[in-house]
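In what follows, a structure is listed as structure tokens, so that the remarks can point back to it.
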Amino acid sequence: MWHKHMHSPAKKPKVEHSSSNPGGSGWSGGGGFKNSPKLEGHGQPNEALKQERRALPIYPARQQLIAQIRRLPSAIVIGETGSGKTTQIPQYLLEAGVNGGAAIAITQPRRVAAVSVCQRVAQEKNTTVGTSVGYRIRFEDATSSSTKLIFMTDGMLLREAILDSKLTKYSVIVLDEAHERTVHTDVLFGVVKAAQNCRLKTGLKLLKIIVMSATMDVDHFSRYFNKAPVLYLEGRQFPIQVMHTAEPQSDYAFSSVVTLFKIHKEAPAREDVLIFLTGQDEIDSAVKQLRQLSRDMQDLPKLLILPLYAALPPQQQVKVFEKTPPGHRKVVIATNVAETSITIPGIKFVIDCGKVKAKVFNARTGLDILRVVNTSKAQTLQRTGRAGRESAGTCYRLFTEAQFGEMSSNTVPEIQRCNLSSVILQLMAMGISDVMTFDFMDKPDRESILAALTELELLGAVEKISESDMPKLTPLGKRMAAFPLDPKYAKIILLSQEYGCVEEVLTIVSILSVDDIFINQMNKRDEIQSVRQKFVSSEGDHITLLNTFRAFKSVNGNKAWCFENFINYRHINTAREVRKQLRDICSCQGIQFSSCGKDTENVRKCLAAGLFLNCAQLSKQGDFTTVSSRLTVSIHPASALFHCKPACVVYSELIKLGKNYMRNVSVVDPEWLQEVAPSYFKQKKVHLMT
DNA sequence: GAGCACTGC
């Protein structure tokens with residue numbers, strides 16, 4: 001069944017031979033195979049830490065590395081897993097004074113990474129977080145005026161760029177994990193490049209850019225940053241044997257079960273397995289099936305089967321880190337959270353189905369499509385690498401070598417797959433008016449940028465004086481950009497002043513911008529439904545969310561109460577923090593806080609005014625038709641209005657799952673819509689039923 | 001009539 005070859009991530013690194021790297025050697029470092037630094041090693045003696053630092057593969061290359069970076073305006077650093085680049089390069093820069101006394105920003109795509117890397121660096125420097133080393137993420141600022149190494153999320157630096165597009169407080173910007181190509185990182189590429197250029201032209205202090213990546217597609221990065229030299233670092237990965245199937249597999253979930261039992265029969269029990277599948281349902285049913293099968297196999301070692309996906313409650317997620325009981329084999333069945341966000345110790349085998357659930361945005365219809373697609377080669381390699389973190393491993397790919405060959409090299413960057421209205425608003429708030437020609441590393445479709453501009457224009461955030469003119473940010477747009485929200489939600493907040501319901505709208509928008517506060521378990525559906533009934537409003541989901549938050553507040557955010565009411569404590573608390581942040585921004589803008597009390601009709605009027613682009617009418621067939629693009633859509637089964645047939649609704653978002661679904665739906669009066677946007681409905685030739 | 005990959009400000 002299996003075809004075998006070796007995947008060797010530990011191969012000798014190539015060395016760049018550009019003219020700016022005359023020596024052409026030295027980047028490869030020395031190191032052999034040793035465990036990568038442990039981020040949780042508190043209280044270790046300083047000498048041991050120094051030893052660990054010196055043992056990193058990057059260490060022997062540090063002087064040449066710094067000498068190069070010192071004279072280059074931009075550099076690309078390619079470092080494999082375990083090279084130590086993330087923790088060491090910022091320290092080397094500081095120790096060598098490359099920053100010239102100013103601050104160095106180091107960005108990460110994820111909050112936990114920003115915090116944990118910062119903690120590790122503080123420890124290595126024998127100092128405390130918040131002094132010379134600190135971090136800044138949303139809701140948390142652990143820096144002071146004297147902080148020189150600032151670890152932050154890429155989204156945070158992007159927010160700072162809205163206030164200061166030249167990023168004047170930094171002399172060096174390090175963009176880490178650039179290969180992940182998050183929207184934020186991609187926008188930052190253009191922003192830091194423009195800032196560097198601008199500072200050069202205006203005689204300001206120069207800005208140095210360091211892009212750190214694990215990508216194979218280094219030329220693309222180098223070309224974009226004015227042919228910046230590429231500096232290679234050796235990593236610490238163990239060899240991994242890769243197996244492909246001889247034939248394509250029609251049912252990968254079934255194949256993964258078969259493959260697991262093959263491993264289970266052959267390999268020692270101590271060797272753990274990580275299986276990549278695509279989603280919650282698929283994982284839950286595989287877990288159930290495997291648990292059943294392992295009960296029937298008394299003669300084999302016991303299996304400890306654990307699901308892992310982001311929506312899983314934290315107390316269940318941490319189980320994958322617990323020590324496997326003696327005589328057991330741990331099998332973790334995960335989504336792509338286990339690719340980057342969560343590293344599981346002890347994995348010796350990876351089973352990769354070669355699929356991933358991905359969201360693709362269709363600018364023409366405004367519809368998000370969530371579906372299972374093939375992984376890219378880069379993503380496949382990332383999954384394979386998870387088998388070789390601590391020792392040599394094996395990866396079983398549930399597809400043929402030919403199928404691997406047909407995969408695209410890299411995952412399409414998120415910026416080419418998402419709604420751009422927020423990105424475009426932010427760029428314009430930074431003073432970039434010609435967004436059509438903005439220097440993206442990979443440009444989104446022209447149609448997608450135009451759709452975003454059109455939406456912003458309809459929301460009143462952008463205007464064109466004449467057709468030939470460049471779009472211009474309006475004062476309203478400027479105010480909207482201050483909110484870390486989807487523009488349509490920012491608009492609703494600003495509108496709520498006129499409707500006397502600022503407090504209520506802040507609550508609703510806060511909840512809409514976090515993960516679902518409701519816990520939905522299929523096996524407890526009836527119980528959940530009866531408990532939740534007291535929050536449900538016939539006006540729709542938005543008022544239901546408001547009722548829920550009000551109840552949560554009336555019990556002072558009690559955790560037990562959340563548990564009893566099937567409310568996700570963590571998510572509703574995040575909503576509370578978001579609300580606080582949004583309220584502060586309102587204060588800064590001089591917004592008067594008002595409340596409508598029980599008169600929630602005003603809230604719906606406000607929602608109608610802000611969400612008129614997201615409205616749908618009941619059709620004769622009993623489903624709904626959207627006004628914007630005449631799509632046939634349905635109310636999502638989780639909605640408070642699932643069983644209802646209101647004549648006219650507004651919704652927060654559209655997603656194509658099996659059918660096209662509207663999520664978070666509220667009943668509105670068609671006349672309200674007509675009043676707030678008469679020209680829009682006239683242009684759409686829609687006669688709203690009354 | 002029946003359902004949701006992953007981040008982040």
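Proteins come first, then strands; the chains are lettered A, B, ... in the order of their sequence lines, and each starts at number 1.
Within 4.0 Å of A:Arg138, counting heavy atoms only, lies at least one base atom of the nucleic acid. A:Phe483 comes within 4.0 angstrom of no nucleic acid atom, judged by non-hydrogen atoms across all strands. Residue A:Arg111 is in sugar-phosphate contact alone, with no base atom involved, counting any heavy-atom pair closer than 4.0 Å across all strands shown. Using a 4.0 Å heavy-atom cutoff across all strands shown, A:Val337 reaches sugar-phosphate atoms only and no base atom. Nucleic acid contact class of A:Ala638 (heavy atoms, under 4.0 Å, all strands): base.
Distance from the side chain of A:Phe642 is smallest to B:dA2 among B:dC9, B:dA2, B:dC6. Of the candidate nucleotides B:dA5, B:dA2, B:dC9, B:dA2 has the atom lying nearest to any side-chain atom of A:His643. Across B:dT7, B:dG1, B:dA5, the shortest atom-to-atom separation from the side chain of A:Arg110 is found for B:dT7. In this structure, of B:dC9, B:dA5, B:dT7, it is B:dC9 that holds the atom nearest to the side chain of A:Met156.
Taking 4.0 angstrom as the limit, A:Tyr309 places none of its side-chain polar atoms (N or O) nearer than this to OP1 or OP2 of B:dA5. Look at A:Thr153 and you'll find a side-chain N or O under 4.0 angstrom from OP1 or OP2 of B:dC9.
Partners of A:Ser256 under the side chain to side chain donor-acceptor pair (under 3.5 Å) rule, at least two apart in sequence or in another chain, do not exist in this structure. Every ring-ring contact (aromatic ring centres under 6.0 Å, His included) that A:Phe438 has, sequence neighbours left out, goes to A:Phe440. With sequence neighbours left out, A:Asn565 forms a side chain to side chain donor-acceptor pair (under 3.5 Å) with A:Lys534. Under the side chain to side chain donor-acceptor pair (under 3.5 Å) criterion, A:Asp368 pairs with no residue at all, not counting sequence neighbours. Among residues two or more places apart in sequence or in another chain, the side chain to side chain donor-acceptor pair (under 3.5 Å) test is passed with A:Asp154 by A:Thr182, A:Thr185. Under the side-chain contact (heavy atoms from CB on, under 4.5 Å) criterion, A:Met662 pairs with A:Ala616, A:Phe624, A:Val633, A:Ile635, A:Val649, A:Tyr651, A:Leu654, A:Val665, not counting sequence neighbours.
The salt bridge (charged side-chain N to carboxylate O under 4.0 Å, His left out) pairs that include a residue from residues 636-665 of chain A are A:Glu653-A:Arg663, where partners are two or more places apart or lie in different chains. Sorted by first and then second residue, the salt bridge (charged side-chain N to carboxylate O under 4.0 Å, His left out) pairs with a member in residues 516-525 of chain A form an empty list; sequence neighbours excluded. Sorted by first and then second residue, the salt bridge (charged side-chain N to carboxylate O under 4.0 Å, His left out) pairs involving residues 477-491 of chain A (not counting sequence neighbours) are A:Asp486-A:Lys488.
For the segment residues 180-192 of chain A, the set of residues with a heavy atom within less than 4.0 Å of an atom of DNA chain B comprises A:His184, in numerical order. Annotation: proximity of residues 410-420 of chain A to DNA chain B (heavy atom, distance under 4.0 Å) is found for no residue. Near DNA chain B, defined here as any heavy-atom distance below 4.0 Å, the residues from residues 512-533 of chain A are A:Asn520, A:Met522, A:Arg525, listed numerically.
Of the residues A:Thr544, A:Asn520, A:Thr548, the one that meets the side chain to side chain donor-acceptor pair (under 3.5 Å) test with A:Arg532 is A:Asn520. With A:Arg397 as the fixed residue, the side chain to side chain donor-acceptor pair (under 3.5 Å) test singles out one of A:Thr375, A:Thr380, A:Thr384: A:Thr384.
Regarding A:Gln382, its CD atom lies at a distance of 15 Å from the C1' atom of B:dT7, rounded to whole Å. If you take CG of A:Asn664 and C1' of B:dG3, they are 14 Å apart, rounded to a whole angstrom. The distance between atom NE2 of A:His636 and atom C1' of B:dG1, rounded to the nearest whole Å, is 13 Å. Between A:Ile655 atom CD1 and B:dA2 atom P there is a gap of 17 Å when expressed in whole angstrom units.
Looking at which nucleotide of DNA chain B each of A:Ile635 and A:Ser422 is closest to, the 5′-most match is held by A:Ile635. Heavy-atom distances to DNA chain B give each of A:Ala311 and A:Asp486 a nearest nucleotide, and the one nearer the 5′ end belongs to A:Ala311.
In this structure, A:Arg383 satisfies the cation-pi test against A:Phe276, with its NZ or CZ atom closer than 6.0 Å to the six-membered ring centre and inside 45 degrees of the ring normal.
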